[in-house]
Participant: 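This structure is in C-alpha cells; I'll ask about it shortly.
Keep in mind that what you see is a predicted model, and the values were worked out from it rather than measured.
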Amino acid sequence: MRRTWVLAAIAAVSLAFSSCAYDSTDSGDTGGNAPVSPTPMSPPAAPGEPVLELGPTTIGEVVVDTGGMTVYVYDNDEVGSGASSCRGPCLESWPPVTSVTENPVVEGLQEVVVDTIPAADGTHQLTVNGRPVYRYKDDKEAGDAFGQAVGSVWWTLDSSGNPVTTTAGGE
C-alpha cells in the first residue's frame, strides 16, 4: 500500500511539472488566438529617444531600431488598418518593434509617417507609413538582415519607409 502512495505522489508531481511546460502554441493553434508577448531583441525606446533611424546592414542602408537591429514589414498586414496580422507563432519569429510612448521620434528618415498601434504586451507597436514593423528572430547582431524576403512577404524599409523588395544580389 505504501508503494502505491509513493508512485501516486511521483505521478502527481510529474503531471504538475509537465503542465507548467505547456504553451498555447503547443496545441497547433495557428489562428493566433492565444496572447503572445515576445521579448523584443532591443528594448522599447524611452520617451524622447529616436526609435527608428537609417543604419548599415548586410543588404545596405535600411531602417533599423535604436539598437541597430533591422526592421521589417509584412505583406499580409493591411496598410492603415491599425492592427497587425502577425499573431501567435508568427510573433515568435517576428517580434514587434515597440515604444513606450505613442509619439515616437525618428532620425534621418525622409517624409516617413511613424505612428503606433496597440501591442500584445501593453506597449505601442510602431508603424511606418501605416504598416506595422517587426524584427526577425534570426537577426542576432546589429546590421543583420536575414529576414529580408523570407517567404517573399517580409521586407526591409528604405529611407522613405517603402518596402525594399530585392535581395542582396538584386534579384
Participant: Tell me whether Val133 is reachable from Ile117 by hopping between hydrophobic residues (I, L, V, M, F, W, Y) whose side-chain heavy atoms are closer than 4.5 Å.
Facilitator: no

Participant: Same hydrophobic cluster for Val105 and Val113, using side-chain heavy-atom links shorter than 4.5 Å among ILVMFWY?
Facilitator: no

Participant: Knowing that exactly one of Leu126, Val128, Val51 qualifies, which makes a side-chain contact (heavy atoms from CB on, under 4.5 Å) with Val97?
Facilitator: Leu126

Participant: In Å, rounded to the nearest 0.5 Å, how long is the span from CG of Leu54 to CG of Leu109?
Facilitator: 5.0 Å

Participant: Is the backbone of Asp144 close enough, under 3.5 Å, to the side chain of Thr70 for a donor and an acceptor to pair up by distance?
Facilitator: yes

Participant: Go through the steps to decide whether Tyr72 and Trp94 satisfy the test ring-ring contact (aromatic ring centres under 6.0 Å, His included), and finish with yes or no.
Facilitator: CA-CA 9 Å; Tyr72 302 88; Trp94 300 94; 5.4 Å; yes

Participant: Under a 3.5 Å cutoff, is there a donor and acceptor pairing between the side chains of Thr156 and Gln148?
Facilitator: yes

Participant: Please tell me whether Asp115 and Thr127 have a donor and an acceptor in their side chains that are separated by less than 3.5 angstrom.
Facilitator: no

Participant: Can you tell which of Val71, Leu157, Thr57, Asp139 makes a side-chain contact (heavy atoms from CB on, under 4.5 Å) with Val64?
Facilitator: Thr57

Participant: Would you call Arg131 and Asp75 a salt bridge, using N to O less than 4.0 angstrom?
Facilitator: yes

Participant: At what distance, to the nearest 0.5 angstrom, does OG1 of Thr98 lie from CZ of Arg135?
Facilitator: 6.0 Å

Participant: Mind checking the NE2-CD spacing from His124 to Glu102? Nearest 0.5 Å is all I need.
Facilitator: 4.5 Å

Participant: Can you check whether Asn162's main-chain N or O pairs, donor with acceptor, with Ser160's side chain at less than 3.5 Å?
Facilitator: no

Participant: Measuring only between side-chain heavy atoms, which start at C-beta, is Tyr134 closer than 4.5 Å to Pro95?
Facilitator: no

Participant: Could you tell me the separation between the CG atom of Asn76 and the SG atom of Cys86, rounded to the nearest 0.5 Å?
Facilitator: 9.5 Å

Participant: Heavy-atom count check: over 12 atoms from other residues, nucleotides or ligands less than 6.0 Å from Glu61 CD?
Facilitator: yes

Participant: For Val114, run the side-chain contact (heavy atoms from CB on, under 4.5 Å) check against Val106, Val63, Asn103, Asn129 and tell me which one passes.
Facilitator: Val106

Participant: For Trp154 and Tyr74: C-alpha separation, side-chain torsions, deciding distance, then whether ring-ring contact (aromatic ring centres under 6.0 Å, His included) applies.
Facilitator: CA-CA 5 Å; Trp154 292 95; Tyr74 184 36; 4.1 Å; yes

Participant: Please assess Ser85 against Glu78 for the test side-chain contact (heavy atoms from CB on, under 4.5 Å), listing each intermediate value before the final yes or no.
Facilitator: CA-CA 8 Å; Ser85 62; Glu78 185 178 331; over 6 Å; no

